[in-house]
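Since the structure comes first, as structure tokens, the remarks are kept for the end.
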Amino acid sequence: MPVLSKAAESSPQGKEQTVGIDDLAVYVPGLYLPLEGEFARSRGIDPGKLIKGIGIERMAVPDAHEDAATMAAMSLLLLMRRSGLQPDRIGKIYVGTESSADEAKAMGTYVIGMLEQVYGRGSFRECGTVEMKAACIATTLALESQSYWLAAEDEDKVGVVIASDVAKYPLASPGEYTQGAGSVSLLLKKNPRLLSLEQVYGHFTRDENDFFRPMGCTTAVVNGKHSNQCYLDAVTGAFDSFAARAARNGIIVPAASECVTDFLDHILFHIPYPRMVEYASAAIFRHDWKGCQRRLKVEAEIGPEPGEGDGKDAAAFQAAQADYARHFARSPQFLEAFAAKVKDTATLSRQIGNIYTGSIYLGLASLLELDRIQTGQRLGFGAYGSGCSALFFSGQVEAQAEDLPGLGLMKRLEERKAITLADYEMLHEGKREKSVVQPEQEFVLEGIDSQGYRHYKFVE
Ligand code: COA
């Protein structure tokens, strides 16, 4: 007999109507740069650092005819085709991006323009669209917001939330080896087939300078190490807010010996690079376990956590904390929890790199591709956006999730073309006009006119 997770045990008997993620589609460009070899040599970096220390093997690179809007249109087209969705069913398209090419015009209008080349002019005219910007958390805020609209919607409409980004840092900077590109489209519906949202959202926000892109700049200003710490602080704050709300709502009410993470079968974090989910997991498990029995077991292995009142000065206290964090991350309790609940979410990111606001949903795609999701499981999501804010929320896997067709991503990733360092650098700097691979059955950026309007077309 299968052992029920705590999430399945705590599910209400008579289920009411829910809203959530019905299906998703992922678009990844057809080009990639291997980080081992030429790239690592040219930057003077040990490949072990990139593959193990950062966790990325291949970086997805958009071709000369692609931008964030074409990728968004591609993931939406894939979604509509795989779920048989017609344009008149879509009530709203929200696009989360930090790669916008226009300061005013919503990316969704370009996306609709492209999709209407396939579905017919005017076919999306009753669909509302807005572009949301909040660094890597924009798509999650769009999802939260659209879920409330959907719950109140009384016609048979569905919503689409699109994440689309080109993660771009200056050449030879420490951010460069975390770059990537891609788009995820999420189909939101009442009584979804994949994941019912539990509508408990824990937020955390504070003003930070960890990562920002001033007007007119094509790459971000990054204070890398500081951004790691902001991420950890914000996700921990959002987790606490979520835990308190989930308890008040009666969704997760741990007994004295239990922790909140015992009720989460998988935890999906924002993935700027795969090692970051390891740091995030260590921070969250360590924080969550403080209040329960598990802490005693960890303490028996690695000793007690250093306290501020241990007679050390601030620098010594910080060093003791960092040392404890290293030991915690190697403890058997942590390694077991990480392997069971988090590790597999980063599988696709290792082959794609950072896709900014969609990377947390790339985590969901990873779990689906690896067949790691089962009916009744509860998924916890820890989204982060620089600047900075975090949002923690949860959803329960529906029975029909197991019947969804595969996403075919492993095959897509294998079929991509490896490019040389020279081609990558030309594409990065916008100096290559001719596509590396001739487009076929895809949207392309044809050109930008003298007014700055972008022209797109679908290439058969
Ligand atoms: N083999 C294996 N691992 C190695 C190694 C090697 N030869 N050399 C270094 N490493 C490890 C380091 O020990 C470290 O791991 P640890 O934390 O367990 O000690 C890891 O690789 C990262 O190296 P580090 O030197 O600490 O980082 P970095 O200077 O390369 O910078 C970022 C990493 C993320 C700060 C940088 O890529 C960046 O600015 N990225 C953009 C912003 C971003 O993604 N922020 C994240 C929050 S949104």
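Indexing begins at 1, ligand by ligand and atom by atom, following the structure's order.
- Closest to atom 29 (O) of ligand 1, if we only count protein heavy atoms, is K225 NZ, 3.5 Å.
- In this structure, Y453 and Y110 have tilted ring planes: the angle between them lies in the 30° to 60° band.
- For atom 12 (C) of ligand 1, no protein non-hydrogen atom is found at a distance below 4.0 Å.
- The SG atoms of C388 and C230 do not sit under 2.5 Å apart.
- Taking each heavy atom of A68 and V166 in turn, the nearest pair found is N-CG2, 4.3 Å.
- Taking all atoms of both residues into account, the shortest heavy-atom contact from Y279 to G53 is OH-O, 4.4 Å.
- Checked options K411, R412, K417; the residue passing with E415 is K411 (criterion: salt bridge (Lys or Arg N to Asp or Glu O under 4.0 Å)).
- Any N or O atom pair closer than 3.5 Å counts here, and Y279 shares at least one such pair with ligand 1.
- Taking only non-hydrogen atoms, the option from G53, P47, S227, G55 nearest to atom 47 (C) of ligand 1 is S227.
- G175 CA, 3.7 Å is the protein heavy atom nearest to atom 40 (N) of ligand 1.
- Using a 4.0 Å cut-off to heavy atoms of V222, the atoms of ligand 1 that qualify are 39 (O), 41 (C), 42 (C).
- Backbone and side-chain nitrogen or oxygen atoms of K52 are examined, and none is located within less than 3.5 angstrom of a nitrogen or oxygen of ligand 1.
- Near D46, meaning under 4.0 Å from one of its heavy atoms, ligand 1 places the atoms 6 (C), 7 (N).
- T357 pairs with exactly one of T140, T139, D165 by the side chain to side chain donor-acceptor pair (under 3.5 Å) rule, that one being T139.
- Of all atoms in ligand 1, listed by their number and element, those nearer than 4.0 Å to a heavy atom of Y169 are 41 (C), 42 (C).
- For atom 5 (C) of ligand 1, a protein non-hydrogen atom is found at a distance below 4.0 Å.
- Looking only at protein heavy atoms, the nearest one to atom 34 (C) of ligand 1 is Y273 CE2, 3.2 Å.
- Within the listing of ligand 1, atoms 45 (N), 46 (C), 47 (C) sit less than 4.0 angstrom from a heavy atom of N228.
- Residues T97 and E131 have side chains that never bring a donor and an acceptor to within less than 3.5 angstrom of each other.
- When R275, Q229, R330 are checked for heavy-atom proximity to atom 15 (O) of ligand 1, R275 turns out nearest.
- Atom 19 (O) of ligand 1 is not flagged as protein-proximal [any protein heavy atom, distance under 4.0 Å].
- Between W289 and F328, the angle of the ring planes lies from 30° to 60°, which puts this pair in the tilted group.
- Looking only at protein heavy atoms, the nearest one to atom 44 (O) of ligand 1 is P272 CB, 3.6 Å.
- Nearest to atom 33 (C) of ligand 1 by heavy atom, out of N223, I54, I51, is I54.
- Ring-centre distance between Y356 and F211: below the 6.0 Å cut-off.
- Nearest to atom 2 (C) of ligand 1 among the protein's heavy atoms is G48 O, 3.4 Å.
- Scanning the protein for heavy atoms near atom 10 (N) of ligand 1, the closest one is K49 CG, 3.9 Å.
- Protein heavy atom closest to atom 37 (O) of ligand 1, with residue, atom name and distance, is P174 O, 2.6 Å.
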Criterion side chain to side chain donor-acceptor pair (under 3.5 Å) on R454 and Y456, from CA distance to verdict:
CA-CA 7 Å; R454 300 167 87 84; Y456 296 99; 3.1 Å; yes
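- Remark: among candidates C230, A167, G224, A234, the nearest residue to atom 39 (O) of ligand 1 is G224, based on non-hydrogen atoms.
- A side-chain donor-acceptor contact under 3.5 Å links H65 and E442.
- Note: F239 and F392 have perpendicular aromatic rings, judged against thresholds of 30 and 60 degrees for the angle between ring planes.
- If you number the atoms of ligand 1 from 1 as listed, the ones under 4.0 Å from a heavy atom of T178 come out as 37 (O).
- L364 approaches L379 most closely through the heavy-atom pair CD1-CD1, 3.8 Å.
- Looking at F211 against ligand 1, nothing comes within 4.0 Å, counting heavy atoms.
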